[in-house]
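Read the structure below first, then the notes.
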Amino acid sequence: MGFAGKVWRLLVGIKDALVLIFMLLFFAALFSILSARPSPGTVREGALLLDLDGSVVEEVSPIDPLNLLLSSAVPTRQYAARDLVRAIDEAAKDKRIKVLALDMTSFLGGGQVHMQEIGEALDRFRAADKPILTYAVAYTDDSLMLAAHASEVWVDPMGGAAIAGPGGTNLYYGDLLKKLKVNAHVFRVGTYKSAVEPYILGGMSPEARENAQAFYGSLWTEWQANVKQARPKADIDRLSGQAPELIRAAGGNLAQAALQAGFVDRAGTRVEWGKRLAQIAGEDRWSKKPGAFASTDLEAWLADKPESTKGDTIGVITIAGEISDGDAGPGEAGAERIVKLLDDALSDDLKALVVRVNSPGGTVTGSEAIRRAILRHKAKNIPVVVSMGNVAASGGYWVSTTGDRIFAEPETITGSIGIFGVLPTFEDALAEWGVHADGVRTTPLSGQPDVIGGLTPEAADVLQLTVESGYQTFLSLVAQSRGITKERADELGQGRVWDGGTARQLGLVDQFGDLDAAIAWAAKQAQLKDGSWHAEYLGENVDPYAPLLTRLIGENTREAAGSDVFAQIARQQNALAAGMAEDLQGLLQVRGMQARCLECPRPAASGRIAADGGEGWLARMAAHLLLD
């Protein structure tokens, strides 16, 4: 029996070793698949196909292969706005590309500034005497903004178009917290402190409403002007303000209503759209699938068109998403990660630094760490230029104060220069259940802030004074950066949010222009000749073709998700419940001091990471402070 047992253990050991070897080979093969690049040889003469089955972002978040395999959900596909712009511009110059096919069936949008930048690239493509054909089941604001620049706009006969316009609702928990007997202690400076209103009010204050009406009105005006210029025949008033009457006049057919309003040119299926493209691009010799046409996809096209690395280097650092203290990102602005990228680049011979900001803010400590890292580059006497994307507010504006010049777009959301604090205590709620706090204090600040027993008057005073000091620091940064007095900075601040056009008039930004314009200005300031430099995006080592596995696993997600008008609206509203959970978590969570904008769009991937409050009563108090 002893011999048999030894043999059995040997066989079990061999089996375990074989399983281990198999697992190692499996994950090695998986890594090879994820690391694979599309071959430039797959570029074919015909159409450039941009199948936008996801959202446009400033910086693509990496995909974790292990989490993807373990999760039953397929992550939303992300496309970097500058990759799309570069792909379109390169296609305009390449004789192999005869037409641009833009499929927005599952397009989730990506912000007004990004749509503007892509729309301008589409105009340049058409200026090269090349047509653009778009297709979607349901067009919404962002997809309509792109489609307006196309030669032919197709809509599915079962689809249509809907315009919502900028704006929407925020959730207010003031009445709920009162019912739950939760005391939300608010510390603030200024008039426009909307970021604390959800925790103390049941609705928007008159001051916040006045501010929101002003900048959302400007964004709506800019959207209409952009669409009208690109597509003069589009009747925006009918589709946005008289949609029911328009649809009734079309016999209840949303596709026909979109046709009558001039937003689309033809109603047809995707197969019919593909046949039309085949007339221009040529037949697909490799596929007999209905509606197939000769085309090259985005990944293969970008692989065939690598960016230049010749000449002097202009560094570009991207601050995208909510700012946190950790190493989150890309796609989130983890200060630790961004600071390391900036500090590592100090040894590089950068001729200029461009800071691309697309963030509604986040922690003050993270924002300040990034600002100081940028200043270390500025100390090398190189130009530092800020380029604002969809949003650069609160902490996003905090880091923007480093720029020698600030570029923005009329649709940019910026400002939100203000500070607030909110701290919940639960003494009344717990008293209902017979729970009370008691103890011995050696000073009025012992054990403070006490979320169970409540705040002492002295602790409340310290918190208010800390808020006021933080606001003065913010004003000093703005005043020094913009060459104005602190009094003027206070007039422009107090938490008020501005659109880019108004911000330029007020002097908070210097000029209109996209990221390319900011890089070109930096090159000029560095006295670099045309063609003698290139832009290097710091830390851009994320595999842009990692979505390969996503497509393999989620091949049929488009049909399952639905893409008609109701599905598109539902996708936009599904974030409401998640936003509520995030708001309440943010109230209760111990985080570092924040520079955050309520009115700004939520980042695609939340960057809220719990911060270590540190030791001592002051650090714990500061952990609850928020900057608007």
Side-chain angles (χ1 to χ4, degrees), residues 37-38 40 43 48 56-60 62 79-94 97 113-114 117-118 120-121 124-125 128 298-320 329-330 337-338 340-358 373-374 376-389 402-407 409 511 513-545:
R37 296 292 197 278
V43 171
L48 173 61
V56 174
V57 297
E58 187 68 45
E59 189 177 42
V60 175
Y79 300 87
R82 71 179 190 87
D83 283 346
L84 294 174
V85 170
R86 183 167 69 88
I88 295 169
D89 284 339
E90 291 291 343
K93 300 179 291 185
D94 197 302
I97 302 301
V113 169
H114 286 154
E117 292 171 349
I118 298 171
E120 291 174 353
R124 293 190 290 270
F125 186 91
L298 176 64
E299 290 85 358
W301 182 249
L302 290 177
D304 187 68
K305 300 288 184 179
E307 294 182 280
S308 172
T309 57
K310 297 180 180 179
D312 293 318
T313 303
I314 295 177
V316 181
I317 187 69
T318 302
I319 303 170
R337 176 182 62 86
I338 293 173
K340 185 178 185 305
L341 291 174
L342 286 166
D343 286 347
D344 287 347
L346 285 171
S347 58
D348 299 337
D349 186 21
L350 299 183
K351 301 303 181 183
L353 178 68
V354 176
V355 183
R356 176 64 169 182
V357 182
N358 195 52
I374 296 171
R376 288 193 282 274
H377 281 268
K378 201 168 187 175
K380 297 177 65 178
N381 294 320
I382 64 172
V384 173
V385 185
V386 171
S387 170
M388 293 181 171
T402 57
D404 298 318
R405 196 163 189 83
I406 298 178
F407 286 73
E409 298 285 8
Q511 72 181 74
D514 58 11
L515 177 58
D516 287 340
I519 295 174
W521 190 90
K524 184 177 181 180
Q525 292 301 114
Q527 299 181 348
L528 302 178
K529 297 180 180 179
D530 292 344
S532 67
W533 56 270
H534 70 278
E536 179 178 321
Y537 291 79
L538 305 182
E540 192 173 71
N541 54 5
V542 178
D543 183 0
Y545 307 109

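Note that the numbering runs from 1 along the sequence shown for the chain.
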Practice problem: Tell me, with the steps shown, if R405 and F407 meet side-chain contact (heavy atoms from CB on, under 4.5 Å). | Solution: CA-CA 7 Å; R405 196 163 189 83; F407 286 73; 4.1 Å; yes
Self-check item: Distance (rounded to the nearest 0.5 Å) between D516 CG and R86 CZ
Solution: 11.0 Å
Quiz prompt | With sequence neighbours excluded, residues passing side-chain contact (heavy atoms from CB on, under 4.5 Å) with A345 | solution = D348, L350, H377, L538
Quiz prompt | Side-chain donor/acceptor of D404 to backbone N/O of P383, under 3.5 Å | solution = no
Quiz item: Quick one: CG on L342 to CG on L353, what's the gap to the nearest 0.5 Å?
Solution: 6.5 Å
Quiz prompt | Heavy-atom side-chain proximity of D514 to E409 below 4.5 angstrom | solution = yes
Self-check item: Under-4.0 Å salt bridge between R82 and E307
Solution: yes
Practice problem: Check whether any side-chain heavy atom of I88 lies under 4.5 Å from a side-chain heavy atom of I118, and answer yes or no. | Solution: yes
Quiz prompt | Flag, side chain of H534 to backbone of S308, donor-acceptor distance under 3.5 Å | solution = no
Exercise. Considering only NZ, NE, NH1 and NH2 on the basic side and carboxylate oxygens on the acidic side, decide whether K93 and D89 come within less than 4.0 Å.
Key: no
Exercise. Verify whether one side chain among R356 and S387 offers a donor that lies under 3.5 Å from an acceptor in the other.
Key: yes
Exercise. State, yes or no, whether a side-chain contact exists between V385 and V355 at a heavy-atom distance under 4.5 Å.
Key: no
Quiz item: Quick one: does V386's side chain get under 4.5 Å of V357's, heavy atoms only?
Solution: yes
Quiz item: Is any side-chain heavy atom of W533 less than 4.5 Å from a side-chain heavy atom of T313?
Solution: no
Practice problem: Mind listing the closest non-hydrogen atom pair of H114 and V57 along with its distance? | Solution: CE1-C, 3.7 Å
Quiz item: Below 4.5 Å, heavy atoms only, C-beta onward: do I97 and E90 meet side chain to side chain?
Solution: no
Quiz item: What are the two closest non-hydrogen atoms of E117 and V85, and how far apart are they?
Solution: O-CG2, 3.9 Å
Quiz item: Within the distance-only criterion (no hydrogens, no angle test), does the side chain of K378 pair as donor or acceptor with the backbone N or O of T402 below 3.5 angstrom?
Solution: yes
Practice problem: Please report the shortest heavy-atom distance between N358 and G389, naming the atom on each side. | Solution: OD1-C, 3.4 Å
Quiz item: More than 12 foreign heavy atoms under 6.0 Å from NZ of K380: is that the case here?
Solution: yes
Quiz item: Which heavy atom of A87 sits nearest a heavy atom of L48, and at what distance?
Solution: O-CD2, 3.8 Å
Practice problem: State, to 0.1 Å, how close A373 and D343 come at their nearest heavy-atom pair, and which atoms those are. | Solution: CB-OD1, 4.3 Å
Quiz prompt | Criterion side-chain contact (heavy atoms from CB on, under 4.5 Å) on V354 and I317, from CA distance to verdict | solution = CA-CA 6 Å; V354 176; I317 187 69; over 6 Å; no
Self-check item: Shortest non-hydrogen contact between Y537 and L515, atoms and distance
Solution: OH-CD2, 3.6 Å
Self-check item: Residues D94 and K305 bridged, charged N to O under 4.0 Å
Solution: yes
